[in-house]
Amino acid sequence: MTDGPDSPHDRAQQLALLRFVVRDHPPPPATVGDRRSDLAPVDPVAEVLVETGLSHLDRPFDYLVLADQHEAAQPGVRVKVRFAGRDLPGYVVARKPHADHDGKLSPLRRVVSPEVVLTPALLDLATAVAARCAGSVGDVLRLAIPPRHARAEQALATEAPEQPELDGDRITWGESGPPAWRRYPAGAAFLRRVAGGEAPRAVWNALPAPSGDQDWPAALAQAAVVTHLGGRSSLIVLPDRRDVYRVDGALTELVGRGRHVVLTADQGPQARYTAWLKVLRGHVDIVIGTRAAAFAPLQNCGLAAWWDDGDDLHDEPRAPYPHVREVLRQRAALEGSALLTGGFAVSPAVARLVAQGEFKAITPHPDRSAVPRVRVAGEGVDPERDGP
């Protein structure tokens, strides 16, 4: 005798099959369907770079843009999308009329903010750095763009505050150039080329100085001001907070407050994002900071400089582990900016670039009195060894 169609045995089999379908074959994500009125009137498909954290998924995916998202979902904004059963953050990188995918598309969950944080220049730089360091674009963007702070976006004015123009005549440097660069024969020529819109690359072998306008922070500040007077922006990357404060003080003394920002990791979420937004919105054109500042979204960058190439703090400890040197070299290649690396010593990596002809050397006058005198403790004076 066999069980009938409504027997407990058959019902148990049907229930097991239903559980299998629901558990292992979930329904597809919600889609808009074919109703064109629900979609954006122009370019209803968005390419989204999803922050999956997986290198093999490091590419844009197509999503539908709803009609009420049309204005806000512009290229460069942060969005939330449904991906692999989870809501993940991402960036819209492009809008287009048709999808490359033949199947049904999921709509954007929401537009997090209408602020365009991923500019085309920043995306190009992240792509170049990822290719150079054998990493993913998503990992580079996590280093380049700080986390969003909604209160900072609301508090910061859209338009830059009114400031008097920096008077180049007030900074009386004469034909010999800025004071801190007068001990370097090639220094004035380098700065003239930067002010003229060119893109020279130089290694600056700095001399130690006790204090005053011949100190290296003053030299970097003066180089930034020369770039500003030439109509372009400048970026200075320093190893640690102590060096940042020194250059910050030199710039404030030279041009006053409000003309530059500081970007460091220890500023706090709101202060850091506010400073980053000032750069993004064009409120300032001089940025100083630690290694993450190398990605600052400056417009028309004319000078990218970094101090003490051999300091291991310039090495990013997170994937894909880019060095500030490589980030700024990629940036200069994309944006046509000048490069300047300075220090009391030249690192082997920079020495190799000089030997290859990519960088030129800026060295001081061959004057022994310009450098400190060295005496070995416990030894007297040896005229044959020490000279006159």
Side-chain angles (χ1 to χ4, degrees), residues 125-126 128-135 139-140 143-144 180-181 183-187 189-191 193-194 199-209 215-217 219-220 223-224 234-244 246-247 264-265 288-296 301 303-368 370-372 374 376:
L125 177 59
V129 171
R132 178 69 176 84
C133 300
D139 285 340
V140 177
L143 303 176
W181 292 92
R183 294 192 292 174
Y184 307 92
F190 173 81
L191 295 180
R193 293 185 62 189
V194 173
R201 299 187 175 195
V203 177
W204 167 39
N205 189 3
L207 287 173
D215 206 357
W216 66 266
L220 289 175
S234 56
L235 169 65
I236 302 174
V237 183
L238 303 143
D240 54 35
R241 181 177 56 181
R242 180 185 59 183
D243 292 337
V244 169
R246 294 186 65 184
V247 178
T264 60
I288 59 174
T290 48
R291 59 175 176 263
F295 295 97
C301 183
L303 174 66
W306 70 103
W307 175 257
D308 195 4
D309 181 85
D311 196 313
D312 57 4
L313 292 176
H314 284 310
D315 268 312
E316 176 60 54
R318 294 168 292 181
Y321 319 105
H323 192 282
V324 167
R325 177 197 330 110
E326 299 307 321
V327 175
L328 295 185
R329 287 178 66 202
Q330 296 294 330
R331 182 166 191 161
L334 292 170
E335 302 181 21
S337 56
L339 286 178
L340 175 66
T341 175
F344 298 130
V346 179
S347 68
V350 170
R352 178 172 175 267
L353 296 176
V354 174
Q356 292 176 340
E358 181 177 342
F359 283 71
K360 301 296 182 182
I362 297 179
T363 56
H365 287 289
D367 183 5
R368 184 65 182 86
V371 297
V374 178
V376 181

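This one's a predicted model, so the numbers in the text were calculated from it and none came from an experiment. All values below were derived from every heavy atom in this structure, side-chain atoms included, with hydrogens, water molecules and symmetry-related copies excluded.
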**OP:** Carefully, step by step, assess L339 and T341 under the rule side-chain contact (heavy atoms from CB on, under 4.5 Å).
**Re:** CA-CA 7 Å; L339 286 178; T341 175; over 6 Å; no
What are the two closest heavy atoms between [X] and [Y], and how far apart are they?
| X | Y | value |
| --- | --- | --- |
| P364 | P185 | C-CD, 4.0 Å |
| A224 | I236 | CB-CD1, 4.1 Å |
| P320 | V140 | CG-CG2, 3.8 Å |
| E316 | R291 | OE1-NE, 3.0 Å |
| T264 | G289 | CG2-CA, 4.5 Å |
| V327 | P322 | CG2-CB, 3.8 Å |

Original post:
Can you say whether the rings of W204 and W181 are parallel (under 30°), tilted (30 to 60°) or perpendicular (over 60°)?
Top reply: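 W204 vs W181 ring planes: tilted.
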Subject >> Plane angle bin for W306 and F359 - parallel if under 30°, tilted between 30 and 60°, otherwise perpendicular >> reply: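 Correct class here is perpendicular.
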Measuring from atom [atom1] of [X] to atom [atom2] of [Y], what distance do you get when rounded to the nearest 0.5 angstrom?
| X | Y | atom1 | atom2 | answer |
| --- | --- | --- | --- | --- |
| L334 | C301 | CG | SG | 11.5 Å |
| H314 | D309 | NE2 | CG | 6.5 Å |
| L353 | K360 | CG | NZ | 12.5 Å |
| D215 | R246 | CG | CZ | 5.0 Å |
| L191 | I362 | CG | CD1 | 7.0 Å |
| W307 | D243 | CH2 | CG | 8.5 Å |

Please confirm whether the backbone N or O of [Y] pairs with a side-chain atom of [X], one donor and one acceptor, at under 3.5 Å?
| X | Y | answer |
| --- | --- | --- |
| R331 | A294 | yes |
| D311 | L313 | yes |
| Y184 | A206 | no |

Close side-chain approach of [X] and [Y], heavy atoms under 4.5 Å:
| X | Y | answer |
| --- | --- | --- |
| D308 | F344 | no |
| V129 | E326 | no |
| L328 | L235 | yes |

Subject >> Stepwise side-chain contact (heavy atoms from CB on, under 4.5 Å) test for V354 and V346 >> reply: CA-CA 10 Å; V354 174; V346 179; 5.5 Å; no
